[in-house]
Amino acid sequence: MMIDFLQSLVDGVLVGTTYSLIGIGFTLIFGVMHKINLSYASASVGGAYCGLLLVGAAGGKSALLVFLMAAAAAGVIGYVVYLTCFRFIPASHPLGTLMSTVGMLLLIDEIVVHATFGVPVAYPPLYEGPSIELGELYIRPDYLMVFAVGIAAMTVLTLLLYRSRLGLATRAVSQQPVAAQLCGIALYRVNAATFVVTGVLGGIAGAMIGASVGMLSPLLVLPLTVKGLIVTVIGGLGSIPGAIVAGLMVGGFENVLQYYRGVTERDLYVMLLLFVFLVFRPGGLFAAKSERN
Amino acid sequence: MLRVGDVVTAYGQLEALKGVSVAAESGKITCLLGPNGAGKTTLMMTVTGLLKPKRGSIAFEGQELVGLSPSEIVARGVALVPENRLVFPDMSVRENLEAGAYLRRKPAEIAADLDRMFERFPRLKERAGQSAGTLSGGEQQMLAVARALMSRPRLLLMDEPSLGLAPLIVEEIFRIVAELNRDGTSIFLVEQNAHMALKVAHHFYLIEQGRVTFSGSPGQLAEDEVIQRAYLGSKRG
Amino acid sequence: MDEFLIGVLSNIGLMSLLALSAWLLLVVGEISFGQQAFFALGAYAAGIATALYGWPLPLGLFAGVVVGALAGFAVAIPTMRLTGLAFAIATLAFAELMRLLLQLWVFQREVDGERLGPNAVEGFRGVRWVYDHDLSALGYLGVIWGIVVVVLAALFLCERSRIGLACRAVGADAELAEAQGLPAARLKILVATVAGGLAALGGGLYVHLATYVEPQHFSIMLGVHALAYGLIGGLGTALGPILGVVLDIGLLEALQEIARYRMIVFGGAVAVLLILRPRGLLDEALVRRLTRGKP
Amino acid sequence: MIWLWLMLSSAALGQTRLDAAIECAATARLMVYDCAIALADRQGRPVDGAKFKLGADMPSMPMAHNVRPVEADSTDAPGRYRARLELEMEGEWALRLEFSAPRRDVVVKRLIFDDKGGREGR
């Protein structure tokens, strides 16, 4: 009983890293642009598909290569999304941008459907090995690998944000875009770079999801988009630590509920949680400090 | 050094600048005085490329700035201390200054300038690791000035540096302005506080409702009248 | 009239009601990703009324509208304080909540020796009023479009009324409108209520056309389409969302050569069109230009 | 007018309803299926002479995928019909039989399609 609870919690938290990554992508773009990119999860899954297709077309089989190509392809998709949905739509029309990213979501999703006839494709596991036993607790090696890759990606991102020139510029733009321009930071270039970086992150997340589920399907896109939004909202819009914690939380919460109550009720409670959060704590867990002028 | 010729800037149909011509001389402090809504901030934003003028020219050291992006204009040697300071609230004081030096590539020079800023603004040194959002208004103003200086501008634009600050702090800010100018930085200042501005300025303009209505040196116009027009605008508009 | 054409026109009418529902909220400046929930509620309520309790269709539709409007009102109360994005996600959460509840809900009765009614994921079969009453496809098309025309007429009247103008003002800048003394929050709740009822009306008509619905039909995808129709068609006039529906269902889906790739074309068009027309094809500026000079 | 008629029209006419069993087999062409449909009334007697079209849509991707209805042909076997269906992807589809004879009616069946064919699921 207790051990079942722990087991589902651990599994959920490990896989929750993928939610964290998707949430970081949403939140980072929101931080910089103050807009939501709803095509993000579809671009991530699309990137994961591209990785598989590109490596497969070249006759390769290496899972590592698939991962790298997925990340690269998703970075390119991120740039395309920036150009179509953000770069040229005036800032005074947030509705237009939001809807445009929805169009992008449909577009990417449908290209995948047409390219694969909606048939789920097998995804290579990144690591196969014996599972680790901690007492009665089993830690699945592929989940552990997903967790490790997720943590590594977050670490690299943190270093990039806090130790690089691009990171300085990104933070400057997200906190005070006018002053950032006055410092000589080119807004469009930083925005585009943010989309590429979050795209790469999403590609890694997409490939991780493929690897942990064992396959990819276009039907993953909508639930993943919703999960990403949930993580972003619960973590607090614009907060990266918030997204990380919320991702792990939602992953664990969801898996435990699934174990006890089944998939439909699980989703029901997750949605209820989201609704309650929005109504009673719209700032999320890590509510941003009051805005300064 | 800076020549603004007949600039018109509009927000949609509304013209905030209706053909403004001003100039800032090298090595001098030039001051633009005027009431709220006269177009002072609009002019600053137009010069720095944040707004695109409908027509007119802006020449800096003989080169046209109109059409350049803000970052290209910073690279030419024009830096603005914006209205309300606009520091990066969740970045440390040191990072704010590093952001100011964003376009410069030599770490050693940047480090030297950082030391120089801390020397000039000891308060900032004390708070180097603190988030800028936690600073007081006066400290934020100093940080904004220091951040602008980190790009090594030849012309420093300042938009209402005294706004919302206590009188003692305002005096300190203007002392720093005079000091910077003595050390060789040309300054173009926009203010509503005519009393303080006239003390440091070599040349001043009055701007009212998007038009320059007076140009001369301090003393050419009675201070009372300048103050009156800088706060309220003249009756004839 | 060709059966296929009747089918397409019926679908356009139904989706128009859902699109108008999303559009109404866009007019007051709110994005809802959840109007499909009210569409679903309308479908289930009207279906239960006619199929399980033998109510006539008009009464069944009315019941659906009441349920949808009440739900719209109930959701609007706690969510209206939320700003744009939070509101959008809250409506999405509500709609998913609704859909998941429908996936669990079993409510069946024996009618004519057959068990009918919502049956969790199996869906709700046997809403056959239209077929049992020998209403022809053309006749039902008439019913649908009769209702759409009445709704449009009502919206056009509202557009010129004080409430319509107030809604536009709230949509342009809620804070400013409030500062001018308009009850922005109350207007938004009113609009959300009407929008809920409107979507439910579409749902009620839909279930009687399809005879069968299941919770999956009402996923986010449906709401996203409704929203896209409103924004593509344009925010300037109630004809905007209709234009959006006609372009997608009437043009892309009905053309055999494109139909297969419809979603690719539609998604791409939505993504790119908004660069050129961020407030849709029939935006406020165009509508003003077109109607200028008329009394 | 039509409203008045709707209000006044009588209750169900109590006709026998149709029941359908569908099975589809994959063909040599990708995503093209040959479907065999068996029609019966509620007493299980085969129904001949029906005219209907077979359409499909995908409930899990609402609005995104639906297939233009095709006419079903009768066969020599009693109550047996066939139609050739071209889908857009594998997965669960809701097949919709829209009858014009013996009278206007609709039957909806859910099938799961893969590379071998489509079978009624759930």
Side-chain angles (χ1 to χ4, degrees), chain A residues 27-28 30-34 87-88 90-93 157-194 235-243 283-284 286-293, chain B residues 11-12 41 44-45 47-51 68-92 94-105 107 110 131-135 137 140 143-144 147-153 156-157 159 163-164:
Chain A
T27 231
L28 203 59
F30 183 83
V32 173
M33 310 283 300
H34 291 273
R87 175 68 175 84
F88 298 109
S92 50
H93 295 290
L157 179 75
T158 310
L159 287 176
L160 190 68
L161 270 178
Y162 290 91
R163 291 281 178 275
S164 76
R165 200 165 163 267
L166 175 64
L168 185 75
T170 307
R171 285 184 295 141
V173 169
S174 75
Q175 291 174 28
Q176 191 32 269
V178 171
Q181 291 182 75
L182 291 173
C183 289
I185 296 168
L187 221 48
Y188 294 132
R189 221 174 298 159
V190 169
N191 289 344
T194 309
L237 280 170
S239 161
I240 291 177
F286 293 68
K289 282 160 261 165
S290 60
E291 286 280 305
R292 243 171 271 268
N293 282 341
Chain B
Y11 300 97
T41 296
M44 292 287 103
M45 288 169 77
V47 170
T48 48
L50 291 170
L51 292 176
L68 297 185
S69 72
S71 86
E72 285 167 324
I73 291 173
V74 175
R76 300 277 162 100
V78 179
L80 169 66
V81 182
E83 190 182 10
N84 291 320
R85 2 233 191 261
L86 307 185
V87 296
F88 305 115
D90 294 330
M91 283 167 36
S92 70
R94 183 186 298 274
E95 284 176 326
N96 265 270
L97 295 177
E98 280 166 2
Y102 182 75
L103 287 178
R104 295 168 55 191
R105 297 287 190 162
I110 295 175
S131 316
T134 63
L135 301 184
Q140 288 194 9
L143 178 57
R147 182 181 64 189
L149 290 173
M150 287 300 287
S151 69
R152 288 216 169 160
L156 184 67
L157 308 174
D159 192 351
L163 194 71

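Naming: A, B, ... by sequence-line order, numbering from 1 per chain.
For the residue pair B:A144 and B:V81, the shortest heavy atom distance occurs at CB-CG1, 3.7 Å. Shortest non-hydrogen contact noted between B:A79 and B:A148 is CB-O, 3.6 Å.
Residue contact with chain A, scored on non-hydrogen atoms closer than 4.5 Å, involves the backbone and the side chain of B:A99 alike. Using a 4.5 Å cut-off between heavy atoms, B:S151 makes no contact with chain A at all. For B:L103, the parts lying near chain A are the backbone and the side chain together; criterion is any non-hydrogen pair under 4.5 Å. Neither the backbone nor the side chain of B:R76 comes within contact range of chain A; no heavy atoms are under 4.5 Å apart.
Within the structure, the side-chain hydrogen bond (donor to acceptor under 3.5 Å, both in side chains) test picks out no pair touching residues 178-193 of chain A (sequence neighbours left out).
Residues meeting the side-chain contact (heavy atoms from CB on, under 4.5 Å) test with B:I110, sequence neighbours left out: B:A101, B:R104, B:M150. For B:E98, there are no salt bridge (charged side-chain N to carboxylate O under 4.0 Å, His left out) partners at least two apart in sequence or on another chain.
The CD1 atom of B:I73 sits 10.0 Å away from atom CG of A:L182, with the distance rounded to the nearest 0.5 Å.
Using a 4.5 Å heavy-atom cutoff, the side chains of B:T48 and B:P70 are not in contact.
Proximity of a side-chain donor or acceptor of A:Q175 to a complementary backbone N or O of B:D90 within less than 3.5 Å is detected.
At a heavy-atom cut-off of under 4.5 Å, chain B is reached by A:R165, A:L168, A:A169 from residues 159-169 of chain A, listed in order of number.
By number of non-hydrogen pairs under 4.5 angstrom with chain A, the leading residue of B:R85, B:E95, B:R147 is B:E95.
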